[in-house]
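Remarks on the structure that follows.
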Amino acid sequence: MTVTRPRQPAIPENPSLEGLEGKWRAIWAADGIYRFDRSKSRAEVFSIDTPPPTVSGQLHPGHVFSYTHTDLIARYQRMRGREVFYPMGWDDNGLNVERRVQLITGTTVDPTLPYEPDFTPPVAPDRSAGAVGKAKRPVAVSRPNFIELCQQVVPQLEAGYHELWSQVGLSVDWSHTYTTIGPHATRVSQRGFLRLFQRELAYRSESPTLWDVDMKTAVAQAELEDREMPGTYHRLVFTGPNSERIPVDTTRPELLPACVALVAHPDDPRYRPLIGRRAVTPLFKAPVPIFAHGLGDPDKGTGIAMVCTFGDTTDVTWWRELGLNVRPVVSRAGTLLPTSWGSPGWESLDPAAAQVLYDKLAGRSVKQAREAIVGLLTEAGLTEGDPRPISHAVKFWANGTRPLEIVTSHQWFIRYPDREALLQRGRELAWWPEFMRVRYENWVNGLMGDWNITRQRFFGVPFPIWYPIADDGTVDYLAPIAATEDMLPLDPTTVPAPGYAESQRNQPGGFAADPDVMDTWATSSLTPQIVCGWEEDPDLFVRTFPMDLRPQAHEIIRTWLFSTVVRSHYELDALPWANAAISGFIIDPERKKLSKSAGNVADDPMALIRRHGADAVRYWAAQGRLGLDMAFDEGQMKIGRRLATKLLNASKFSLSLGRAVEGRPTEPLDRALLIGLADLVDEATEAYERFDYARVIERVEAFFWPFCDDYLELAKNRAYGTSGASGQMSAQVTLTFAVETFLKLFAPFLPFVTEEVWSWWKNGSIHRSSWPESTPLRAAAGEGADPTVLAAAGEVLRQIRKAKTGAQVSMRAEVAGVTITADSVQLERIRRVEGDIRNAGVVTAPLHLAEGAEFSVTVELAAVVG
RNA sequence: GGGCCCUUAGCUCAGUAUGGCUAGAGCGCUUCCCUGACACGGAAGAGGUCACUGGUUCAAGUCCAGUAGGGCCCACCA
């Protein structure tokens, strides 16, 4: 299909919104009006670090909401004369995507399986992208098979987003599109990692790590979610140094074999005599030291806690600060590991008995072991009282189904910068709204440990790292061999380490590839580097970085925003962007409605666009102020639709009254309108500079409706020429100014309808035209224009209409006489626009103007003729 | 436990930074009008103790202190 811009612009007889969107989308694409012109200097460019949506999620109205906000800003900046750098990305790597692909295709991964060339998943990956697999039981597939599936499914998910963004009318430059798993992003991620590794800011360490036993991977602090869960306090009885009973409350009795100490608060008189002594654990009779530590809480349980390897993050703190032993009992699959009581680290007063008891637990899941050990304890009389149910916060992976465990493993970490440096970066950044900075500061102040960027997963960016294998076959994980930058991007499982041959892979004296992949945030934190061409396109980089704007949602301040600041701080010693615009989110309508009678169509943004039109959906989104949540409301979309229709009709009418660009408005009413428009332009511009697009649409709309209802009514007869050529010219010039100004002010919000009207009488795209300025409007209004006459005329007109409505007659009914009482100033205003008032109100006689303190209008309707 | 945001008409929201006339808009509702841009239109109307309690002030929706409800972020799961 060939698309062309209309050659002979004309004003249609019956303008309609039908078909506008497809037409203009095609023309915009063909003309490349949103293409970034990289000849512009940094000062002329406005660059946007677009959030790459994760393709693991379903499309919903919230996407349209926040992405429209960014587009409003992009379109404003473009009209203001900035060359807008507006790329798009797809976040298609990471745990969530794997999970989605598994659900869609009905598979699960078993890395021990061999590759099957002819594998067919239970659910074909080319089903509709939103479909969730129906397979009852997932089929295990090999790692390479699974990556293939990901590569088949993910582009379909991305196509869905592309289609939506296109329909919504986002003015992105699609030639700058990236994916977070593509070769470019992989190269940037690996380079960023190597640079940190060389500076020892990335390091490998074996340490306690939060672990999801279902997905079998480490999880970063940023991906945690607390969930309030029922739990049970069990009171276990330890034996003190003088054989006294020491009751200890725990919600995790299954970790008793992993107990390495007891801890109480130093000021707690009950336990002060015991500090420094030893207690013996029940059942396993393991001697454990009793410590005092400030984190001990006299009010929790019995005031003394059992410290295990590792029950929670406090245990990790105590382990680190008190120099405790390690007794790992929980495996990465969430089952109890075998142990050898009596061996070093597993001391017991009765190792043989401890072993017998423990063997009853080994291999069981955490949950089963808990029940079993409670049974054993109860049987042995080592509990006190009945179990007490409680409700407490438990850490989960944000999308996980079972509580996280803490296991010890080798992981890559990125060292966090100095806290004060991070806080300083947060202060340098302009936050919209300002209060969102607090969330960043909360997070920085709560940081614990370093940033674990390792995931034991498959569909991600691999570490460009290998490890040497000693002659005895052991892998030295603490002597990593790094790739050189010229090798990137690479997969160490297919590329041999520098200095080795492929035949030496996994051989004694050879090398082994790092088996893990990077956390998705390790890549997403580099989006400015990826889109601006860091180290690869210096010309682009100097024109776009540091970027102007990071738009994003508030729930990922601690992840995406924070980690991007960290990476830019390290690599470029700079803030990655000057502004952060934080959108709120859409409040789920189901939360309000008890029944789902409205149907789930509301959940499909494509359906909303079909029903109301893209301009209308954008209008709804534009109501949402930055940082504030907004309820989903289709009613707002209907209003947006009405506005677009009105713009079409009012513009057609105004322009068909005759366009004039020569001449200076002479009529007081016209000059007043121009002053009002000039003020509106100033207010809109000022609000936009604060990213307050919601105020812009509100103010523009509030001026536009009275323009239609009052000004057009007051001026149209004059524009027809009924009052002479001078008044006609005045109205025509004013209308021409007004339509052009309104179209431009509305253009970022309603890009389709404004472009349509623009095309009737202008060349080129309105979206590449200039943002209106107030100076020419004020000049056209001229010296001494009185902006108040418009309101005065409107007020009298309202009274005349009121009389007609009260008499239940048509607005066209003739008025025989109008008497207006007002103060002298107001009367003078009315006198100056008397002709327009009489035209609009169909008043056949001159107005009677009487001076008086109280403003009043008396209307005498003409007798209805037969 | 700490913090942030919100609470204004039946509904969705402005107005609070710089306190100031009888607190605004739209939707919905009521009544009317097919008038030569638009009936996917227009006109008019009803509808609010600005969550609550104190305080500052000539004056508080707006400032201060506190309370309650809603939401979110953070926090050591014994």
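This structure is a prediction, so every number in the text was calculated from the model and none was measured. Numbers restart at 1 for each chain; the letters A, B, ... are given by sequence-line order, proteins then strands.
Under 4.0 angstrom from either OP1 or OP2 of B:rC32 there lies no side-chain N or O belonging to A:K802. Distances shown here put every side-chain N or O of A:K804 at or beyond 4.0 Å from the OP1 or OP2 atom of B:rA44. Side-chain N/O atoms of A:R695 include one lying less than 4.0 angstrom from OP1 or OP2 on B:rG15. Regarding contacts with the backbone of B:rA43, every side-chain N or O of A:R798 stays at 4.0 angstrom or more from both OP1 and OP2. Contact check, A:K395 against B:rC76: a side-chain N or O comes under 4.0 Å of OP1 or OP2.
Among the nucleotides B:rC40, B:rC77, B:rC73, the one closest to any side-chain atom of A:V394 is B:rC77. Nearest nucleotide to the A:K300 side chain, out of B:rC77, B:rA44, B:rU35: B:rC77. Out of B:rG15, B:rC5, B:rC33, the shortest distance to the side chain of A:L628 is found at B:rC5. Residue A:A631 places its side chain closer to B:rC13 than to any other of B:rG2, B:rC13, B:rA14. Side chain of A:K716, nearest nucleotide from B:rA37, B:rA14, B:rA44: B:rA37. Here the side chain of A:D629 is nearest to one of B:rG71, B:rC38, B:rC77, namely B:rG71. Listed candidates were B:rC76, B:rC72, B:rA43. Nearest to the side chain of A:T313 is B:rC76. Of all nucleotides listed (B:rC77, B:rA37, B:rC5), B:rC5 comes nearest to the side chain of A:F435. Listed candidates were B:rC33, B:rC74, B:rA37. Nearest to the side chain of A:W443 is B:rC74.
Among the heavy atoms of the strands, none lies under 4.0 Å from A:R252. Nucleic acid contact class of A:C708 (heavy atoms, under 4.0 Å, all strands): base. Base engagement by A:L712 is indicated by at least one non-hydrogen atom pair under 4.0 Å involving a base atom. Within 4.0 Å (heavy atoms only), A:T317 reaches no atom of the nucleic acid at all. Heavy atoms of A:E713 sit under 4.0 angstrom from at least one base atom. Within the 4.0 angstrom heavy-atom criterion, no nucleotide atom of any strand lies near A:K638. The residue A:D297 sits close to a base: some heavy atom pair falls under 4.0 Å.
Taking every heavy atom of both residues into account, A:I697 and A:F749 meet most closely at CB-CE2, 3.5 Å.
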Exercise for the section: Start with the C-alpha gap between A:E795 and A:R798, add the side-chain angles, then the distance that decides, and say whether salt bridge (Lys or Arg N to Asp or Glu O under 4.0 Å) holds. Expected result: CA-CA 5 Å; A:E795 185 53 40; A:R798 211 171 330 282; 3.7 Å; yes

Exercise for the section: Dump the intermediate steps for salt bridge (Lys or Arg N to Asp or Glu O under 4.0 Å) on A:R611 and A:E634, then the final yes or no. Expected result: CA-CA 10 Å; A:R611 194 150 10 145; A:E634 279 198 70; 3.3 Å; yes

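One C1' atom belongs to B:rU49, the other to B:rA23, and the distance between them is 13 Å to the nearest Å. Annotation: B:rG24 and B:rC64 have their C1' atoms spaced 26 Å apart (nearest Å). Comparing the P positions of B:rG48 and B:rG10 gives a spacing of 7 Å, expressed to the nearest Å. A distance of about 42 Å separates the C1' atoms of B:rC21 and B:rG36, rounded to the whole Å. Nucleotides B:rC63 and B:rU18, compared at atom P, are 9 Å apart to the nearest Å.
A:Y688 contributes no side-chain N or O that, together with a main-chain N or O of A:E683, makes up a donor-acceptor pair within less than 3.5 Å. Checked by atom type and distance alone, the side chain of A:R235 never pairs as donor or acceptor with a backbone atom of A:P387 at under 3.5 Å. Between the side chain of A:K652 and the main chain of A:E13, a donor-acceptor pair closer than 3.5 Å is present. A donor-acceptor pair under 3.5 Å links the side-chain atoms of A:D615 to the main chain of A:V753, judged by distance alone. A donor-acceptor pair is defined here as one N or O able to donate and one able to accept, closer than 3.5 Å; such a pair exists between the side chain of A:Y440 and the backbone of A:L422.
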Problem - Footprint string (nucleotides 21-28 of chain B, 5' to 3'): B base within contact, S backbone only, - free, heavy atoms under 4.0 Å - result: -----SS-

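A:I639 pairs with exactly one of A:E701, A:Q623, A:H612 by the side-chain contact (heavy atoms from CB on, under 4.5 Å) rule, that one being A:E701.
Relative to the six-membered ring of A:W705, A:R642 meets both conditions, a distance below 6.0 Å and an angle of at most 45° to the axis.
Projected onto RNA chain B by closest heavy-atom contact, A:K652 and A:D312 fall at different nucleotides, the more 5' of which corresponds to A:K652. Taking for each of A:R812 and A:E698 the nucleotide of RNA chain B with the nearest heavy atom, the 5'-most of the two is the partner of A:E698.
Taking a pair as Watson-Crick or G-U wobble with both distances under 3.5 Å, the runs of three or more consecutive pairs in RNA chain B are B:1-7 with B:68-74, B:10-13 with B:24-27, B:29-33 with B:41-45, B:51-55 with B:63-67.
For A:E713, the salt bridge (Lys or Arg N to Asp or Glu O under 4.0 Å) partners two or more places apart in sequence, or in a different chain, are A:K716.
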